[in-house]
Number of protein chains: 2
Amino acid sequence: MDDPNTLADTQFLLCFNVYSLHRSFGRFYQSAFSETGLTYPKVLILMALERHGPLSISALSSRIGVEPHTVSPIVKKLAGFGAITRERSEVDERRVELAITAKGQEVLDRARTVIEEGFAALGLEPDRMMEAMRFLDQAREAVEKADPPKLSFEGLE
Amino acid sequence: MDDPNTLADTQFLLCFNVYSLHRSFGRFYQSAFSETGLTYPKVLILMALERHGPLSISALSSRIGVEPHTVSPIVKKLAGFGAITRERSEVDERRVELAITAKGQEVLDRARTVIEEGFAALGLEPDRMMEAMRFLDQAREAVEKADPPKLSFEGLE
DNA sequence: CCCAAAAGCATCGTGTACGATATAATCGTG
DNA sequence: CACGATTATATCGTACACGATGCTTTTGGG
C-alpha cells in the first residue's frame, strides 16, 4: 500500500502488516502440516498443556487468549486423536480437565522440529525481532483497551 | 508465555505475538462495526477499490494478498449491499470488474472516521511503530520464501 | 436453607481464510 | 485453424474465530 501520511494511516498500515504476516504464518504452517490434521492453534494448545497442564478449558483459553468456545471443539479433536485427555472434573463438574498424552508429546516434539527447520533460514535480526515483539505486545494491550465508537447505518446484509 | 531462550523460541514467540495482535485488531473491528455487516476485510476491499479501482478479482486479491476465491464471496456481498459494482468484462469474459460506488465511498469514509477515533488513544510511539512495520514486512517476505519440511504421520482426523 | 447470580462448557450461526476441483474463456504455438 | 496450456472465476469442504444463547453446576448472600 501507499506510504502513510498521518498517524491514523500509520496505525492502519500496522494493522495491515499484522494481517499480512498472520496469513503468511498461516500458510507456512498449512504447508508444513498439510499431510496431518495439525494446525497452528492445535500446536499452541499442545504447547500450553505441555508447560502448564493439566488445565481447564477456561484456563487454557485464557493462556492462549481466545474464547473458551473456540478452544472447545479443537480440544475435542485433539482428544479424538489421542493427543490429549479430556475429562470432566469430579471436584467441580462444570470443568473439563485437559492434559497432554505421550502421543501428544511426540506429535508436539516432531512439530517443533519441523517448525524450527522451517524458520532456520528466515534470517531475521534477533535484536530487531525482540524489539518488534515488545512493541507488538504493547500494541496488543493498547488495542484491547481501546473502545472504538460504533459505526451505525443500514447493515450490509 | 515464558521468555524464549533460543532463536527458534524467539521466532515462535514473534509468531504468537502476531497471532494475538491480529485477533485483538479483529475484536476491535468487530466491536466498531457490530451494528453493520462491515468487517476489516470488507474495509480493505473498499479501500483498494477507492485507490486503484476499477480492479478485477485477481488484481484485487493480489493487492490485498489473499486468494482470489477468498475475495469472490466477499465482493458478492458488497455488491449486494450496493457498496460496489460487479460486472463481467466485455473485453475478457473471464474477468469480473469491480468498482466502488457513491454508497460504498460513504460507508468507507464513515468507517475510516470510526477507526481513526478508535485508534486515537492507542498511544503508540510513531518511530517504534514505523520500525515495527518495516520489520513485519521483512518478516512476511522471509516467511513467504521459507520452505518448511513436511510433518508426516497418521493424521489427526 | 433458599435462591439468584455467577461460572463453565456446549451448540448454533456467521465471517473469513485456504486447498482442491470444476467450468468457461483466452492465448499461443504448430 | 485446432488444440493444449493458461488464466479467471466459482463452488465445495474444512479450519478457526467470535457473538449469542442455552444448560448445568457452584457460589454466596439474605
Side-chain angles (χ1 to χ4, degrees), chain A residues 19-45 55-62 64-79 86-98 144 150 155-157, chain B residues 19-45 55-62 64-81 86-98 144 150 155-157:
Chain A
Y19 170 79
S20 298
L21 181 51
H22 173 263
R23 282 185 303 93
S24 295
F25 274 130
R27 290 194 285 260
F28 173 95
Y29 288 112
Q30 166 59 32
S31 173
F33 302 147
S34 61
E35 292 172 26
T36 73
L38 207 52
T39 59
Y40 176 66
K42 284 173 178 148
V43 167
L44 281 188
I45 287 174
L55 290 171
S56 67
I57 284 181
S58 57
L60 175 60
S61 67
S62 287
I64 294 179
V66 296
E67 296 295 321
H69 55 272
T70 295
V71 159
S72 189
I74 301 179
V75 299
K76 266 189 174 178
K77 284 176 182 165
L78 287 169
R86 179 182 176 280
E87 294 169 359
R88 183 71 56 175
S89 169
E90 289 176 5
V91 174
D92 184 337
E93 288 182 26
R94 295 173 296 179
R95 291 169 173 250
V96 167
E97 291 244 327
L98 310 166
E144 281 172 5
K150 304 295 181 272
L156 270 67
E157 325 203 76
Chain B
Y19 170 79
S20 298
L21 181 50
H22 174 262
R23 281 187 301 92
S24 296
F25 273 131
R27 288 193 286 260
F28 173 96
Y29 289 113
Q30 165 59 32
S31 172
F33 302 147
S34 61
E35 291 171 29
T36 74
L38 206 54
T39 59
Y40 177 65
K42 283 171 178 148
V43 168
L44 281 187
I45 287 173
L55 290 171
S56 67
I57 285 180
S58 55
L60 175 59
S61 67
S62 287
I64 295 178
V66 296
E67 296 297 318
H69 56 271
T70 294
V71 160
S72 188
I74 301 178
V75 299
K76 267 188 175 178
K77 284 178 184 162
L78 286 170
F81 175 67
R86 181 182 175 280
E87 295 170 358
R88 183 71 56 175
S89 168
E90 289 175 6
V91 173
D92 184 339
E93 288 183 27
R94 293 173 295 178
R95 292 170 172 247
V96 167
E97 291 245 327
L98 311 166
E144 281 173 7
K150 304 294 180 272
L156 270 68
E157 322 203 79

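Just so we're clear, the structure is a prediction, and the values are computed from it rather than from any experiment. Proteins come first, then strands; the chains are lettered A, B, ... in the order of their sequence lines, and each starts at number 1. Heavy atoms only: backbone and side chains are in, while hydrogens, waters and symmetry mates are out.
What separates NZ of A:K42 from P of D:dA17 is a distance of 11 Å, to the nearest Å. Remark: C1' of C:dG8 and CD of A:E97 are 12 Å apart, rounded to the nearest angstrom. For B:E93 and D:dT7, the CD to C1' distance is 14 Å, given to the nearest whole Å. Atom NZ of A:K77 and atom P of D:dA17 are 11 Å apart (whole Å). Rounded to a whole Å, the CG atom of A:D92 is 20 Å from the P atom of D:dC23. Nucleotide D:dT25 holds its C1' atom 15 Å from the CD1 atom of A:I57, rounded to whole Å. A:R95 has its CZ atom 17 Å from the C1' atom of C:dA10, to the nearest Å. Protein atom CZ of B:R86 is 16 Å distant from nucleotide atom P of D:dA8, rounded to whole Å.
Evaluation of the side-chain contact (heavy atoms from CB on, under 4.5 Å) rule for A:K76 yields A:R86 as partners, not counting sequence neighbours. The side chain to side chain donor-acceptor pair (under 3.5 Å) test applied to B:S24 returns A:E144, not counting sequence neighbours. For A:S31, the side chain to side chain donor-acceptor pair (under 3.5 Å) partners at least two apart in sequence or on another chain are B:K150. For the side chain to side chain donor-acceptor pair (under 3.5 Å) test, no residue two or more places apart in sequence or in another chain qualifies with B:T39. With sequence neighbours excluded, no residue forms a side chain to side chain donor-acceptor pair (under 3.5 Å) with B:S72. With sequence neighbours excluded, the residues that form a side-chain contact (heavy atoms from CB on, under 4.5 Å) with B:E67 are B:H69, B:T70. Judged as a ring pair (Phe, Tyr, Trp, His ring centres under 6.0 Å), and not counting sequence neighbours, the contacts of B:Y40 are A:F12, A:Y19, B:Y29.
Residues from residues 66-74 of chain B lying near DNA chain D, meaning a heavy-atom separation below 4.0 Å, are B:H69, B:S72 in numerical order.
Taking only side-chain atoms of A:Q30, from C-beta outward, the nucleotide of C:dG19, D:dG19, C:dA10 with the closest atom is C:dG19.
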What is the per-nucleotide protein-contact pattern of nucleotides 1-6 of chain D, from the 5' end, where B denotes a base atom under 4.0 Å from a protein heavy atom, S denotes such proximity for sugar-phosphate atoms only, and - denotes neither?
------

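Among the protein residues, B:Y29 comes within range of no part of the nucleic acid, since none of its heavy atoms lies under 4.0 Å from any strand. Residue B:S34 is out of contact with every strand shown, counting any heavy-atom pair closer than 4.0 Å.
Listed pair A:S56 / C:dG8 fails the phosphate criterion, with no side-chain N or O lying under 4.0 Å from OP1 or OP2. Close to C:dT16, at under 4.0 Å from its OP1 or OP2, lies no side-chain N or O of A:Y19. A close approach under 4.0 Å does occur between a side-chain nitrogen or oxygen of B:R23 and OP1 or OP2 of D:dC18.
Taken to the nearest 0.5 Å, the NE2 atom of A:H22 stands 9.0 Å off from the OG atom of B:S20. The distance from atom CZ of B:R95 to atom CG of B:L55, rounded to the nearest 0.5 Å, is 10.0 Å. How far CD1 of A:I45 is from CG of A:L78: 5.5 Å, rounded to the nearest 0.5 Å.
Along DNA chain D, the nucleotide nearest to A:Y40 and the one nearest to B:V75 differ in position, and the one closer to the 5' end is contacted by B:V75. In this structure, A:T39 and B:K76 both approach DNA chain D, and ranking their closest nucleotides by distance from the 5' end singles out B:K76.
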